[in-house]
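A short worksheet on the structure shown next.
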Number of protein chains: 2
Amino acid sequence: MDTADSASASRPQAAARTRKRASRRAPSASMADVARLAGVSSQTVSRVSNGYAGVNEETRRQVLEAMRELGYRPNSAARALKRGEFRTIGVITFGLSTTGNVRTLEAIATSAAHEGYAVTLLPVAVPTQDEVRGAFSRLGELAVDAVIVILEVHLLDAVTLSLPPHIKVVVADSDAGDRYTVVDTDQAGGSRDAVRYLLGLGHETVWHLAGPEESFAAQRRADAWRAELTGAGRPTPPLVRGDWSAESGYRAGLELAEQPDCTAVFAANDQMALGLLRALHERGRYVPDDVSVIGFDDIPEAGSFLPPLTTVHQDFAEVGRRCVEGVLRQMGQDTPEHGTTLVPTRLVVRDSAGAPRAR
Amino acid sequence: MDTADSASASRPQAAARTRKRASRRAPSASMADVARLAGVSSQTVSRVSNGYAGVNEETRRQVLEAMRELGYRPNSAARALKRGEFRTIGVITFGLSTTGNVRTLEAIATSAAHEGYAVTLLPVAVPTQDEVRGAFSRLGELAVDAVIVILEVHLLDAVTLSLPPHIKVVVADSDAGDRYTVVDTDQAGGSRDAVRYLLGLGHETVWHLAGPEESFAAQRRADAWRAELTGAGRPTPPLVRGDWSAESGYRAGLELAEQPDCTAVFAANDQMALGLLRALHERGRYVPDDVSVIGFDDIPEAGSFLPPLTTVHQDFAEVGRRCVEGVLRQMGQDTPEHGTTLVPTRLVVRDSAGAPRAR
DNA sequence: GCCTGTTATGTTTACGTAAACATCTGATGG
DNA sequence: CCATCAGATGTTTACGTAAACATAACAGGC
């Protein structure tokens, strides 16, 4: 950093700012202005503003009237400074590209708003340790009281240190060991239900189209799939991997279509299931007559697939709600929590899975 | 509101807060703490913290060392209060459900971060005037310097008044008349290109599968489609309407498949195009041999459709960038701007459109 | 009629930062 | 050798809010 430069640059900038502020006609009325107009002390204005009792009804009315007249808005910076809290939750996430992340984020924003908290977005450009560490350390000077992390947690490993001590953390949809509070969809339960349902229909075994190796969610779903098969004493077919995309599902589907003994596939998400359906259709293997398919997520389009997709429904809204609940709970206490909350899934039965063709 | 209740409730709360803060071991070192440790005045710490020149190299080193030791982080609330700006941009949006909104938001967050600005999310639960007005008025006490609105603008009509005067606004992907700065995708240009391309392939005319009536984007695309046909002296087939969803595209597709003279369809988004493809395929009308299809958006999956979809690419990232640029520019000046910036589109040619079957 | 308690309000102060202004040191030039 | 000036640093103050503390008016009990 060239400090001389930054200084010479900052001088005119500061001058411009002062000038700008001076020329602004309405520098936002302060409590003092309201107090003056209403003929009371600023403390009384504060009391009215915060809804304290012990203010005479008539006085309150006058203050409210003065506020209205001046268009008074409490200055949140001053409030935050005085109260020592921002009433803001930061959300760290890599990419808003996946449905799950977005919907979780939306639910977080909604329930945070409901609790009087704002949500600040902290996007991480590329999912590397350094980037995440960077986001975490910038956090310290950011106006947030707590953080919700929606990320694959591999990246959280050595990052803890750089976290300002008073900031509370909840990790969504991941596996943060016992370091943080975790809110997650019950990946294992959902996978178990899917596999069990397919076996219950009479399939000898179930193939699995997994998500990418780096993903914890993918790993959990695959593990549960394997465990359930083993538990039921069924053979475990080789695992097929995709990368969550429909395209990868399509490619995997072309392979699976060549396996005559593959009568049931559990896909780790709906998009891959979509590609899979297309590939099977293209290869003349009919769903569900020849092959049964179950997805995961229950994206809005799932019901419009051909055929409508039987899938494991994830309650993203609930995950978001519990994340907010989690950080707010922690803010009320000194010790950070750890432990995992699982949000249950629900198997949505549509038309893509059925009994195997009689043989 | 029961004021008595809110008061009695707030007393113990305040007590708890005090206790909590007192028991916190590290109440975040302040400048004064750093100054004491480094043996300088807090003003010098401030100078170092803000990178001003005119600080002796040795002194600077000591201050930085003290900062490191105490884990000093500037208090953003105090900074915001002093400087009169939050370095935060608010984004008002209804629903993160549509691809476009999400990707625009992501781009906004990224470029804002790049400029040293944070992004605060202001979700509007239901898209009614009242809700939007509510969001706008809450804005006044929210810690933002500017707002980017990603919304259908019907809702913005009578809302202007409630906006705090010093907050700058940019509207994305909408039509805000001349009230605000608008950044939008060149809907008309993209539509024109699509229609022109299809006519150029030899089609007599082009059908249009439009988005919902309330959507400005849908309206613009439909208008441009109509204008281009009229300009070319072609007949204008009846407009078919969907609601952006694949399901609605499927339903529309079933209708269109019945029209023997329908050889080319311009769908207002890729998801409807997807449903359309499925319906046509199901009805034995092959794409592109019997019917050519062009979409709009170029979602990531578009290249994996069956057949890969020729579509109009939207540069959401650029829209986001320009939104941020727009608010930052306005923050440097007193008078709000108005006027529209159009981000160009690009026709991505894949396999879903071709010459009509020779007749 | 005075003490006590309650209700309504005002005054002081501190939160952490940074601009504005003040001071001090040493060097340069006439 | 002193006036001048630049560089480095310290002191004061204000940003808008709200807790803590102070005060005033008045009611009820003895």
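Residue numbering restarts at 1 for every chain, and letters A, B, ... go by the order of the sequence lines.
- To the nearest angstrom, C1' of C:dT17 lies 7 Å from OH of B:Y72.
- Per the geometry, CG belonging to A:N50 stands 10 Å off P belonging to D:dT17, to the nearest Å.
- Checked against salt bridge (Lys or Arg N to Asp or Glu O under 4.0 Å), B:E318 has the following partners two or more places apart in sequence or in another chain: B:R321, B:R322.
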Taking only distance into account, with no hydrogens and no angle test, what donor-acceptor pairs under 3.5 Å do side-chain atoms of residues 32-41 of chain A form with protein atoms, sequence neighbours excluded?
residue	atom	partner	partner atom	Å
A:D33	OD1	A:R36	NH1	3.3
A:D33	OD2	A:S30	N	2.8
A:D33	OD2	A:S30	OG	3.4
A:S41	OG	A:Q43	N	3.4
A:S41	OG	A:T44	N	3.4
A:S41	OG	A:T44	OG1	3.4

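- Rounding to whole angstrom units, CZ of residue B:R36 and P of D:dG10 are separated by 14 Å.
- With sequence neighbours excluded, the residues forming a side-chain contact (heavy atoms from CB on, under 4.5 Å) with B:Q62 are B:E58, listed by chain and number.
- Minimum atom distance to the side chain of A:M31 is reached by D:dA18, of the listed C:dA18, D:dA18, C:dG16.
- Per the geometry, CZ belonging to B:F86 stands 18 Å off P belonging to C:dG16, to the nearest Å.
- Residues satisfying the side-chain hydrogen bond (donor to acceptor under 3.5 Å, both in side chains) test with B:T59, not counting sequence neighbours, are none.
- Applying the 4.0 Å criterion to OP1 and OP2 of C:dG16, one finds that B:S30 has every side-chain N and O outside that range.
- Pairs of residues two or more places apart, or lying in two chains, that qualify as side chain to side chain donor-acceptor pair (under 3.5 Å) and include a residue from residues 112-126 of chain B are A:T120-B:T120.
- Of the candidates D:dT17, C:dA18, C:dG16, D:dT17 carries the atom nearest the A:N75 side chain, counting heavy atoms from C-beta on.
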Polar pairs (N or O, both sides) under 3.5 Å between protein and nucleotides 9-11 of chain C?
residue	atom	partner	partner atom	Å
C:dT9	OP1	A:T59	OG1	2.4
C:dT9	OP2	A:N56	N	2.7
C:dT9	OP2	A:T59	OG1	3.3
C:dG10	OP2	A:S41	N	2.8
C:dG10	OP2	A:S41	OG	3.0
C:dG10	OP2	A:T44	OG1	2.8
C:dG10	N7	A:R47	NH2	2.9

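- The distance from atom CZ of A:R79 to atom C1' of C:dG16 is 19 Å, rounded to the nearest whole Å.
- Rounded to a whole Å, the CD atom of B:Q62 is 15 Å from the P atom of D:dA8.
- A straight line from CZ of A:R83 to C1' of D:dA20 spans 16 Å, rounded to a whole angstrom.
- Remark: B:S49 pairs with B:R79 by the side-chain hydrogen bond (donor to acceptor under 3.5 Å, both in side chains) rule, at least two apart or across chains.
- Listed nucleotides C:dG16, C:dA19, D:dA18 differ in distance to A:K82; the shortest reach to its side chain belongs to D:dA18.
- Considering only residues two or more places apart in sequence or on other chains, A:E69 meets the side-chain hydrogen bond (donor to acceptor under 3.5 Å, both in side chains) condition with none of them.
- Axis deviation across the helix from C:dG1-D:dC30 to C:dG30-D:dC1 amounts to 50°, comparing end segments of five pairs, rounded to 10 degrees.
- For C:dA19, one of the phosphate oxygens OP1 or OP2 lies less than 4.0 angstrom from a side-chain nitrogen or oxygen of B:Y52.
- Taking the side chain as every heavy atom from C-beta outward, B:I108 and B:T104 approach each other to under 4.5 Å.
- To the nearest 0.5 angstrom, A:E106 atom CD is 9.0 Å from B:L121 atom CG.
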